[in-house]
Amino acid sequence: MIQRFLMAAAGLALAMVAGAADAQDHRDALVEDGVLTVGTSGSAPPFSMTTPTGDLAGFDVDVATMLGEALGLEPSFEKLDFAGLLPGLTSGRFDIIASGVTRTPERLASEDFILLSPYIVNGVAITRRAGEDEITGWDTVCGKVMGAVRGGTFQKIALEALPAGCVTETREYPGATELFLDLRNGRIDFAAHDFLGPNYLLKNGQISDVVVLDDLLATITQSVAVNAGNEALADAIDTQFAAWRDDGTLQALIEEWFGASIDWSAAE
């Protein structure tokens, strides 16, 4: 009888522990109670950029603000060079990072953070000077000087896809602003970058005298990365992304910010 009682009590205790685990939600392991702490670069327009008045704006800023509202949290943004964002997330400085993070196999397999399902479909493209007529696509970049954002994936994808020894010199920059400035000044021949971002800059007159080629080396997807210690937050955001993909919210936001888009079927 006593043995049965002890077994029942043990079973009840296990059930209570399991119930407590089930009850955990996205608010339980935040950097700051009630706050969604967002790491972003502020230098990757229009994903994340800094306005002349010093405010943050962009696609990712809107996404993170909408997530805060949907999850009942107050978004708080911290700027950091792109190369420092994932290490900052891993160290527990942020709850999420939102700055056009490309979903690579290595990042998806990482145990240091959780990279979520796509919130946008993009591509690896060439941006070149308007007068650089020798560069007409990826098959014409051999022997040219390539520029890219430090810590990004576009140069890695390009170097892996192009013939060995094709690009012999690459230069890296802290953000897109510096990258495209050096491109215009002739210090590099082309930028290995995304397709949508430079299209936005051209559309809004923020860069000129450059051309974005529609010869995509690869189709990529991008998303938000979440602190590995907060699976409940990752699940909550992924659920919200699924709803926004289905009801067109993400597509409308993409068209608003970029004025161009790549079909979602390209991600399948």
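Since the structure is predicted, the reported quantities are computational estimates derived from the model, not experimental observations.
Smallest separation of non-hydrogen atoms from Val35 and Ser76: CG1-CB, 3.6 Å. Shortest non-hydrogen contact noted between Leu213 and Ile135 is CD1-O, 3.9 Å. Pairing each heavy atom of Ile220 with each of Gly123, the nearest pair is CG1-N, 3.8 Å. Across Leu216 and Ala125, no two heavy atoms sit closer than the pair CD2-CB, 3.9 Å. Listed here is the closest heavy atom pair of Trp244 and Ala70: CZ2-CB, 4.4 Å. Minimum interatomic distance between Gly42 and Ser48 (heavy atoms only, all atoms of both residues): N-OG, 2.7 Å.
Of the possible polar contacts, one joining the Asp60 side chain to the Gly100 backbone as a donor-acceptor pair under 3.5 Å is found. Using modelled atom types, one side-chain atom of Asp25 and one backbone atom of Arg27 make a donor-acceptor pair closer than 3.5 Å. A side-chain donor-acceptor contact under 3.5 Å links Thr40 to the backbone of Ala98. In this structure, the side chain of Ser223 engages the main chain of Ser117 through a donor-acceptor pair within 3.5 Å. In this structure, the side chain of Asp81 does not engage the main chain of Gly84 through any donor-acceptor pair within 3.5 Å. With hydrogens and angles ignored, the 3.5 Å screen pairs a side-chain donor or acceptor of Asp95 with a backbone N or O of Thr37. Remark: side-chain polar atoms of Asp189 are not paired, donor with acceptor, to backbone N or O of Val141 under 3.5 angstrom. Within the 3.5 Å criterion, the main-chain N or O of Thr249 finds a donor-acceptor partner in the side chain of Asp247. Using modelled atom types, one side-chain atom of Gln155 and one backbone atom of Val149 make a donor-acceptor pair closer than 3.5 Å. Using a distance-only test at 3.5 Å, with no hydrogens or angles considered, a donor-acceptor pair links the side chain of Ser41 to the main chain of Ser43.
Counting non-hydrogen atoms of other residues, nucleotides and ligands closer than 6.0 Å to CD of Glu111 gives a total of 12 or fewer. Atom CD of Glu255 sits in a crowded spot, with more than 12 heavy atoms from other residues, nucleotides or ligands closer than 6.0 Å. With a 6.0 Å radius and a threshold of 12 heavy atoms from other residues, nucleotides or ligands, Asn185 has its CG atom above the threshold. In Glu69, the CD atom is not crowded: 12 or fewer heavy atoms of neighbouring residues, nucleotides or ligands sit closer than 6.0 Å.
Taking the side chain as every heavy atom from C-beta outward, Leu30 and Glu32 never approach each other to under 4.5 Å. At least one side-chain heavy atom of Pro46 sits under 4.5 Å from a side-chain heavy atom of Phe258. Phe94 has its side chain out of reach of Val38: every pair of non-hydrogen atoms, C-beta onward, lies at least 4.5 Å apart. In this structure, the side chains of Leu56 and Met49 stay at 4.5 Å or more apart for every pair of heavy atoms. Side-chain contact check for Leu80 versus Arg93: some heavy-atom pair is nearer than 4.5 Å. The closest side-chain heavy-atom distance from Asp235 to His26 is not below 4.5 Å. Side-chain contact between Phe59 and Gln222: absent, with no pair of heavy atoms (C-beta onward) separated by less than 4.5 Å. The side-chain heavy atoms of Ile114 and Leu116, taken from C-beta on, include a pair separated by under 4.5 Å.
Note on Glu178 versus Arg150: no salt bridge recorded, every NZ/NE/NH1/NH2 to OD/OE distance being 4.0 Å or above. Electrostatic pairing of Lys144 and Glu134 counts as a salt bridge here, judged by a charged N lying under 4.0 Å from a carboxylate O.
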Step-by-step side chain to side chain contact (heavy atoms under 4.5 Å, CB included) determination, Leu250 to Ile120: CA-CA 7 Å; Leu250 285 174; Ile120 198 169; over 6 Å; no

Criterion side chain to side chain contact (heavy atoms under 4.5 Å, CB included) on Gln240 and Arg245, from CA distance to verdict: CA-CA 9 Å; Gln240 193 62 61; Arg245 283 193 298 269; over 6 Å; no

Residues Val210, Leu202; criterion side chain to side chain contact (heavy atoms under 4.5 Å, CB included); working and verdict: CA-CA 8 Å; Val210 300; Leu202 282 168; 3.8 Å; yes

CA sep, side-chain torsions, deciding dist, call: Asp55, Thr50, side chain to side chain contact (heavy atoms under 4.5 Å, CB included): CA-CA 6 Å; Asp55 297 321; Thr50 306; over 6 Å; no

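Atom CD1 of residue Ile96 and atom CG of residue Leu85 lie 11.0 Å apart, to the nearest 0.5 angstrom. Atom CD1 in Ile207 sits 4.5 Å away from atom CG in Leu201 (nearest 0.5 Å). To the nearest 0.5 Å, atoms CZ (Phe241) and OH (Tyr119) are separated by 7.0 Å. Rounding to the nearest 0.5 Å gives a distance of 8.5 Å between NE2 of His193 and CG of Asn122. Separation of atoms CE (Met146) and CD1 (Ile188) is listed at 9.5 Å; rounding is to 0.5 Å. The line from CD1 of Ile157 to OG1 of Thr104 is 7.5 Å long, rounded to the nearest 0.5 Å.
Cluster membership check: Ile97 does not share its hydrophobic cluster with Phe77, using side-chain heavy-atom separations under 4.5 Å among Ile, Leu, Val, Met, Phe, Trp and Tyr. Placement of Val224 and Leu108 in two distinct hydrophobic clusters is found when ILVMFWY residues are connected by side-chain heavy-atom separations under 4.5 Å, directly or transitively. Linking Ile, Leu, Val, Met, Phe, Trp and Tyr residues whenever their side-chain heavy atoms come within less than 4.5 Å leaves Val63 and Leu115 in two separate clusters. Cluster membership check: Val226 shares its hydrophobic cluster with Phe47, using side-chain heavy-atom separations under 4.5 Å among Ile, Leu, Val, Met, Phe, Trp and Tyr. Leu179 and Leu183 fall within the same hydrophobic cluster, where Ile, Leu, Val, Met, Phe, Trp and Tyr residues are linked whenever their side-chain heavy atoms come under 4.5 Å apart, directly or through other members.
Screening Asn227, Leu86, Thr90 against Asp112 for a side chain to side chain contact (heavy atoms under 4.5 Å, CB included) leaves a single residue, Thr90.
The closest side-chain donor-acceptor pair between Thr53 and Thr51 falls under 3.5 angstrom.
Aromatic pair Tyr173/Phe180: centroids not less than 6.0 angstrom apart. Outside the 6.0 Å centre-distance limit, the rings of Phe154 and Phe195 are not counted as a close aromatic pair.
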